[in-house]
Number of protein chains: 2
Amino acid sequence: MAESESGTVDLEIIVQGTQEGKKQELRLWLRMLSTTKLVSQEVRRRLRNEFGATLPQFDLMAQLYRERDGLRLGELSKRTMVTNGNVTGLVERLETDGLVLRETPDGDRRVTVAKLTKKGEELFGAMAAAHEGWLRDMMADVDPAIVTELWKDIGEVKSSVNNHLSGAD
Amino acid sequence: MAESESGTVDLEIIVQGTQEGKKQELRLWLRMLSTTKLVSQEVRRRLRNEFGATLPQFDLMAQLYRERDGLRLGELSKRTMVTNGNVTGLVERLETDGLVLRETPDGDRRVTVAKLTKKGEELFGAMAAAHEGWLRDMMADVDPAIVTELWKDIGEVKSSVNNHLSGAD
DNA sequence: CGTAAACCTTTGACATTTGAAATATTGCTC
DNA sequence: GAGCAATATTTCAAATGTCAAAGGTTTACG
């Protein structure tokens, strides 16, 4: 009888003692991280239970759903923020399941284009609708005005981070 | 004709057409997720380049750093939001590197307690200081007032999510 | 006591992840 | 055309991640 392995405690508690006025950015980051993990775990659990799919698969299929002509693997890699090598295996498994198919265009044989199959489109359609509902449910207690403002402000964070990256963009 | 793709394409672009009072929560979630991924990748890269450590290792050591008497693996699992099985391997590798040690208390032989070694404390101290600086740098362009407000508002999101989980908790 | 329930960790099978190196193909240059 | 840089994907090793099941230990109860 496996009980849930994830408890209620999380790392937020650990940094409770962080003084005011200092380390605000670190505090924000830890809260963003823990919240994102929390939502991801919930989405993952529901995807698994209701559709037998994984989160990375869902993300990848989301991109293909919007580009019915398919996407090159490199493009998929950028959009999902997943490394090239990872996309290969991901697409491979989806192809095995008959959700995605790969083809090489005549023009350039270096390229592999992935696109959703009929089966893939149908499955993703159902998942996307459910997914949107899950998010709405999870954030049900948050004032819509705050949701909108958060979207805007996090945009500023993202923008700032993008301007201060050390490696390649 | 291939367009330039040198920029930073990400999934945000894909949902641009989603506005109009609907799906705000989904839009917020996608932005949170992409921003978190972006920061995580940057932190991971710097941890690797400057300290030869991984992000999960850093997270785990952070917990042990605050509990000098050590933590049971189950407690570590909850705090890091990492599954039990995963903690086992993580601690194993850190022990191999001499950063962490495991011991079983006399009272209860079911339990394994992990704690930082001297070497582990020293390394983590250096990493934590650097880590805090990285975060401050990355968020340098964000108004401190917004940082504080984001922390508060994301707290509401987290709270709402916690109240609408399907699984355990 | 003796056994079942509860607890804690480990193990196992797989999927995902990164980073780097290896492959393959194209396009450019001489 | 031969050589080479640039492009695109795959492969590889090691680490992380989930979940489920199995392993010991302890506790509680009849």
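- Proximity note for A/V82 (side chain, C-beta onward) versus D/dG17, C/dT17, D/dT10: the nearest is C/dT17.
- Put simply, CD on B/Q57 is 14 Å from C1' on D/dG17, counting in whole angstrom units.
- Taking atom CG of residue B/L71 and atom P of nucleotide C/dT9, one finds them 11 Å apart after rounding to whole Å.
- B/E156 has no carboxylate O lying under 4.0 Å from a charged side-chain N of B/K152, or vice versa, which leaves the two without a salt bridge.
- The side chain of A/E92 sits closest to D/dT11 out of D/dT11, C/dC8, C/dT17.
- Nearer to the 5' terminus of DNA chain C, by closest-nucleotide assignment, is the contact made by B/G89 (compared with the other of A/D106 and B/G89).
- Side-chain nitrogen and oxygen atoms of A/Q41 include at least one within less than 4.0 Å of the OP1 or OP2 phosphate oxygen of D/dT18.
- In this entry the distance linking CZ of A/R102 with C1' of C/dA24 reads 15 Å, nearest Å.
- Atoms CZ (A/R45) and P (D/dC19) sit 7 Å apart, rounded to a whole Å.
- Side-chain N/O atoms of A/T83 include none lying less than 4.0 angstrom from OP1 or OP2 on C/dT17.
- Residue-level contact check: A/T54 touches the backbone only, with heavy atoms under 4.0 Å from sugar-phosphate atoms and none from bases.
- No salt bridge links B/E122 with B/K119; every basic N to acidic carboxylate O contact stays at or beyond 4.0 Å.
- Residues A/V113 and B/L90 each lie close to DNA chain D; by heavy-atom proximity, the contact nearer the 5' end of the strand is made by A/V113.
- Among the heavy atoms of the strands lying under 4.0 Å from A/G85 is at least one base atom, whether or not backbone atoms are also near.
- The base of D/dT7 sits within donor-acceptor range of the side chain of A/R110, with an N or O pair under 3.5 Å.
- Between the side chains of A/R27 and A/Q24, at least one donor N or O lies within less than 3.5 Å of an accepting N or O.
- With respect to A/L90, the side-chain contact (heavy atoms from CB on, under 4.5 Å) criterion is satisfied by exactly one of A/T80, A/D59, A/L60: A/L60.
- Atom CD1 of B/I154 and atom CD1 of A/I146 lie 11.5 Å apart (nearest 0.5 Å).
- Remark: P of D/dA22 and CG of B/N84 are 17 Å apart, rounded to the nearest angstrom.
- Atoms NZ (B/K78) and P (C/dT9) sit 10 Å apart, rounded to a whole Å.
- Checked against C/dT9, C/dT18, D/dT18, the side chain of A/R44 finds its nearest nucleotide in D/dT18.
- The interatomic distance linking A/N49 (CG) with D/dA20 (C1') rounds to 13 Å, in whole Å.
- The nucleotide whose nearest atom lies closest to any side-chain atom of A/R48 is, among C/dT10, D/dG17, D/dC19, D/dC19.
- A salt bridge between B/E132 and B/R136 is present, with a side-chain N of the basic residue lying under 4.0 Å from a carboxylate O of the acidic one.
- Spacing between atom CG of A/N86 and atom C1' of D/dG17 amounts to 12 Å, rounded to whole angstrom units.
- Comparing D/dT25, D/dG17, D/dT9 against the side chain of B/P56 picks out D/dG17 as the nearest.
- Of all nucleotides listed (D/dT25, C/dT25, C/dT17), D/dT25 comes nearest to the side chain of B/R109.
- Note on B/T112: only backbone sugar-phosphate atoms sit closer than 4.0 angstrom, heavy atoms only; bases stay farther off.
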